[in-house]
Amino acid sequence: MTQPMPTFDQARTDAEPLLSVRDLVVEYHTQRGLVRAADHVSFDLHRNEVFGLAGESGCGKSTVAHAITRILKPPAHIAGGQVLFDEVDVLKLNDDQLRDIRWRRISIVFQSAMNALSPVLTVGTQIADALQAHENGTAQMTRRQVLDRARELLDLVGIDPDRVNSYPHQLSGGMRQRVVIAIALALNPELIVMDEPTTALDVVVQKQIMDQIRELRNQFGFSILFISHDLSLMVEFSDRVGIMYAGELVEVAPSQAIFNDPQHPYTVRLMNSFPTLSGPRVELFGIPGSPPDLITPPPGCRFHPRCDVALAGRCQTERPGLQPIGARHMAACHLLDDKIVNKEDAS
Ligand code: SF4
């Protein structure tokens, strides 16, 4: 039998990060040349934490998520770094070891439920398949028991358990996405990677699903790596946020600090270009230009061609590194040099 899900109180809340990404480098070999889509990306994600990765399309956030779960396909290739999950480097695991942690400890929710679900199998069969493929203990479970567990999971994500016999096309877009979340929850993972989980849905359904995910997280205590280009949603939903630009992390901070006091010029402009989910109407400003071609990224700070406060000379030649600039706040910008604090003060 599958074990009952741990409650939030039972979930471990150690200070040690559950996931520690260190200097992750991912490259794509293309006909035009080598694209470094993730360039020395480092961040931690703690137990029961929601860490968001945000940025414009093509900034590398999904590449990072797929590298962590080892589902990148050629021409992508992990060229360096570590992905420590509970202190074990996921990048060094063989196929059997990977299979052992996938779904049981780390699961993923993809953007498009229609692509993630098979159109020719009922949702109950698809949940049951996930259970039987990854849970060692279900070998002895009867089909009846597995389907009962599938009904339980549907109920958990707010779908009538009788829908267990429905095919994906018989469900609305929101219900299909809930089914994908139920599959991700099937084996009580410690970490769920959510790659744009509600992007294809209208804002009302998006809000309902995000509220439901928040409730489930509070109940079961899993951690979430949340990927989105929607900064308003990201700030509302995440505990901490990392902003990516052109394959690099340029700012990492608690979401309230990103919302109230963004420090990196790119984050400031991103915040000014998104409407907030609540509060007064404000004028929005786009960011001029577009992200660089990563085959030939600009020298120095990659944001300098679009940055209206760039320093002449230095920003075009010297690449800024991510530095601590306050309590749990890091940014990569030469303008912030006088705010750099030592690492102990920042923790
Ligand atoms: Fe702008 Fe220079 Fe800061 Fe880059 S390093 S964001 S170009 S000020």
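Both ligands and their constituent atoms are indexed starting at 1 by order of listing.
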A.B. asks: Is Asp96 salt-bridged to Arg99, cutoff N-O under 4.0 Å?
C.D. replies: no
A.B. asks: Counting only heavy atoms, tell me which of Gln316, Arg319, His304 gets closest to atom 7 (S) of ligand 1.
C.D. replies: His304
A.B. asks: May I ask you to say whether Arg151 pairs ionically with Asp155, meaning some side-chain N is under 4.0 Å from a carboxylate O?
C.D. replies: no
A.B. asks: Just by modelled atom types, is the Gly313 backbone N or O under 3.5 Å from a matching donor or acceptor in the Gln316 side chain?
C.D. replies: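 Judged by distance alone, yes, a pair lies under 3.5 Å.
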A.B. asks: Show which atoms of ligand 1 fall inside a sub-4.0 Å distance from at least one heavy-atom site of His264.
C.D. replies: 6 (S)
A.B. asks: Indicate the ring-plane relationship of Phe222 and Phe220, choosing parallel, tilted or perpendicular according to the 30° and 60° boundaries.
C.D. replies: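 Rings of Phe222 and Phe220: parallel, as their planes differ by under 30°.
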A.B. asks: Backbone or side chain, does Cys315 get an N/O/S atom under 2.8 Å to atom 1 (Fe) of ligand 1?
C.D. replies: no
A.B. asks: Could you tell me, atom by atom, which parts of ligand 1 come under 4.0 Å of a heavy atom of Cys333?
C.D. replies: 3 (Fe), 5 (S), 6 (S), 8 (S)
A.B. asks: Between Asp44 and Arg22, is there a side-chain N and carboxylate O pair less than 4.0 Å apart?
C.D. replies: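 Salt bridge: yes.
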A.B. asks: Please state whether the rings of Tyr245 and Phe303 are parallel, tilted or perpendicular, taking 30° and 60° as the class boundaries.
C.D. replies: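 Ring orientation of Tyr245 relative to Phe303: perpendicular.
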A.B. asks: Answer with yes or no whether Arg302 contacts ligand 1, where contact means a heavy atom under 4.0 Å from a ligand atom.
C.D. replies: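 In this structure, Arg302 fails to qualify as a contact of ligand 1 - no heavy atom is under 4.0 Å.
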A.B. asks: Which atoms of ligand 1 have any heavy atom of Leu335 under 4.0 Å away?
C.D. replies: 8 (S)
A.B. asks: What atoms of ligand 1 come within less than 4.0 Å of a heavy atom belonging to Val309?
C.D. replies: 8 (S)
A.B. asks: Please work out, at 4.0 Å between heavy atoms, whether the side chain, the backbone, both, or neither of Arg314 comes within that distance of ligand 1.
C.D. replies: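 For Arg314, no heavy atom sits under 4.0 Å from ligand 1.
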A.B. asks: Please list the nearest protein heavy atom to atom 5 (S) of ligand 1 with its residue and the distance rounded to 0.1 Å.
C.D. replies: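 Heavy-atom neighbour on the protein nearest atom 5 (S) of ligand 1: His334 N, 3.3 Å.
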A.B. asks: Under the salt bridge (charged side-chain N to carboxylate O under 4.0 Å, His left out) criterion, do Arg144 and Asp148 qualify, and how do the steps go?
C.D. replies: CA-CA 6 Å; Arg144 176 81 258 153; Asp148 281 350; 3.4 Å; yes
A.B. asks: Specify the protein heavy atom at minimum distance from atom 4 (Fe) of ligand 1: its residue, its atom name, and the distance to 0.1 Å.
C.D. replies: Cys301 SG, 2.3 Å
A.B. asks: Are the charged groups of Arg102 and Asp95 less than 4.0 angstrom apart, N to O?
C.D. replies: no
A.B. asks: Return the residue, atom name and 0.1 Å-rounded distance of the protein heavy atom closest to atom 1 (Fe) of ligand 1.
C.D. replies: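 Ranking protein heavy atoms by distance from atom 1 (Fe) of ligand 1, first comes Cys307 SG, 2.4 Å.
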A.B. asks: I need the contact type for Pro265 against ligand 1. Using non-hydrogen atoms and a strict under-4.0 Å cut-off, is it side chain, backbone, both or neither?
C.D. replies: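 The side chain, only.
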